[in-house]
Amino acid sequence: MSDIFVMLRNQDNIALTSIDGIPFVTLLRQNEWTVAEEIVELIYADAGFDDLPLGKYIVVVRHKSVEPLEVKYEVTIADEDEVVFLTFVYLEPERVFLKVSASTEMRL
């Protein structure tokens, strides 16, 4: 089974766990249904969705104090040993979403 790891960083690649003391929330959706929800871990600014079957997913990062309030990224898992890493980057002073960096590795 495959995994998706989500990391949040600011413009200087420093872990971004929360804004105004409120943590980011990540959602995993499939076929418009939310199948999992994780609060971003408050030390490393990450969240993980483990043991996922093959298929198409939408990863959502949400926070009420940034623009836009919700960012979506589509992921297709095509191999059982695939590990997807997503890094959502925010311009912290302006509280604005900047970009998503995605990479894939194969589990050993």
Side-chain angles (χ1 to χ4, degrees):
M1 301 291 258
S2 299
D3 302 328
I4 298 174
F5 290 107
V6 179
M7 297 161 279
L8 278 82
R9 300 293 181 260
N10 71 8
Q11 68 281 356
D12 297 320
N13 200 30
I14 297 172
L16 183 60
T17 59
S18 64
I19 292 182
D20 294 334
I22 301 167
F24 284 81
V25 174
T26 59
L27 305 168
L28 184 66
R29 294 183 180 154
Q30 190 173 39
N31 299 324
E32 300 302 318
W33 295 96
T34 299
V35 295
E37 180 176 329
E38 293 284 332
I39 294 175
V40 171
E41 204 271 328
L42 291 177
I43 294 176
Y44 301 109
D46 62 6
F49 302 105
D50 302 331
D51 299 323
L52 300 171
L54 303 180
K56 294 184 181 210
Y57 297 90
I58 298 173
V59 175
V60 179
V61 174
R62 182 185 289 171
H63 195 286
K64 70 178 188 174
S65 298
V66 298
E67 289 294 327
L69 300 176
E70 185 175 278
V71 176
K72 300 175 184 177
Y73 191 84
E74 293 184 20
V75 174
T76 300
I77 297 176
D79 189 291
E80 289 183 2
D81 292 322
E82 197 169 30
V83 180
V84 178
F85 297 94
L86 301 176
T87 303
F88 289 76
V89 181
Y90 288 84
L91 211 51
E92 189 174 8
E94 290 81 3
R95 298 180 178 193
V96 175
F97 170 73
L98 190 58
K99 66 178 180 176
V100 175
S101 297
S103 64
T104 304
E105 294 181 9
M106 298 304 285
R107 189 181 331 237
L108 298 176

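Source: prediction; values computed, not measured.
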(message) How long is the straight-line distance from NZ of Lys64 back to CD1 of Ile19, given to the nearest 0.5 Å?
(response) 12.0 Å
(message) Using a 4.5 Å cut-off between side-chain heavy atoms of Ile, Leu, Val, Met, Phe, Trp and Tyr, which other residues end up in the same hydrophobic cluster as Leu69?
(response) none
(request) Would you please name every residue forming a side chain to side chain contact (heavy atoms under 4.5 Å, CB included) with Ile58, sequence neighbours left out? (result) Arg29, Val60, Lys72, Glu74
(request) Could you pull out all residues at least two apart from Glu37 that satisfy side-chain hydrogen bond (donor to acceptor under 3.5 Å, both in side chains)? (result) none
(message) Which residues pass the side-chain hydrogen bond (donor to acceptor under 3.5 Å, both in side chains) test with Asp79, not counting sequence neighbours?
(response) none
Are any side-chain N or O atoms of [X] and backbone N or O atoms of [Y], one a donor and one an acceptor, separated by less than 3.5 Å?
X     : Y     : result
Thr26 : Glu38 : yes
Glu92 : Gln11 : no
His63 : Ser18 : no
Asn10 : Asp12 : yes

(request) Indicate the atoms forming the closest heavy-atom contact of Val40 with Pro23, along with that distance. (result) O-CB, 4.4 Å
(request) Specify the closest pair of heavy atoms between Glu82 and Ser2, including all atoms of both residues, with the distance to one decimal. (result) O-CB, 3.0 Å
Would you be so kind as to tabulate the donor-acceptor pairs closer than 3.5 Å made by side chains of residues 95-108, with sequence neighbours excluded?
from	atom 1	to	atom 2	distance (Å)
Arg95	NH1	Asp20	OD2	2.9
Arg95	NH2	Asp20	OD1	2.8
Arg107	NH1	Asp3	OD2	3.2
Arg107	NH2	Met1	O	2.5
Arg107	NH2	Asp3	OD2	3.4

Any heavy-atom pair between the side chains of [Y] and [X] that's under 4.5 Å?
X     : Y     : value
Val84 : Val59 : no
Pro68 : Glu70 : no
Val61 : Tyr90 : yes
Phe88 : Tyr73 : yes
Phe24 : Val66 : yes
Asp50 : Phe5  : yes

(message) A quick test of your reading: do over 12 heavy atoms of other residues, nucleotides or ligands sit less than 6.0 Å from CD of Glu80?
(response) no
(request) Tell me, please, which residues at least two apart from Asp46 pass salt bridge (charged side-chain N to carboxylate O under 4.0 Å, His left out). (result) none
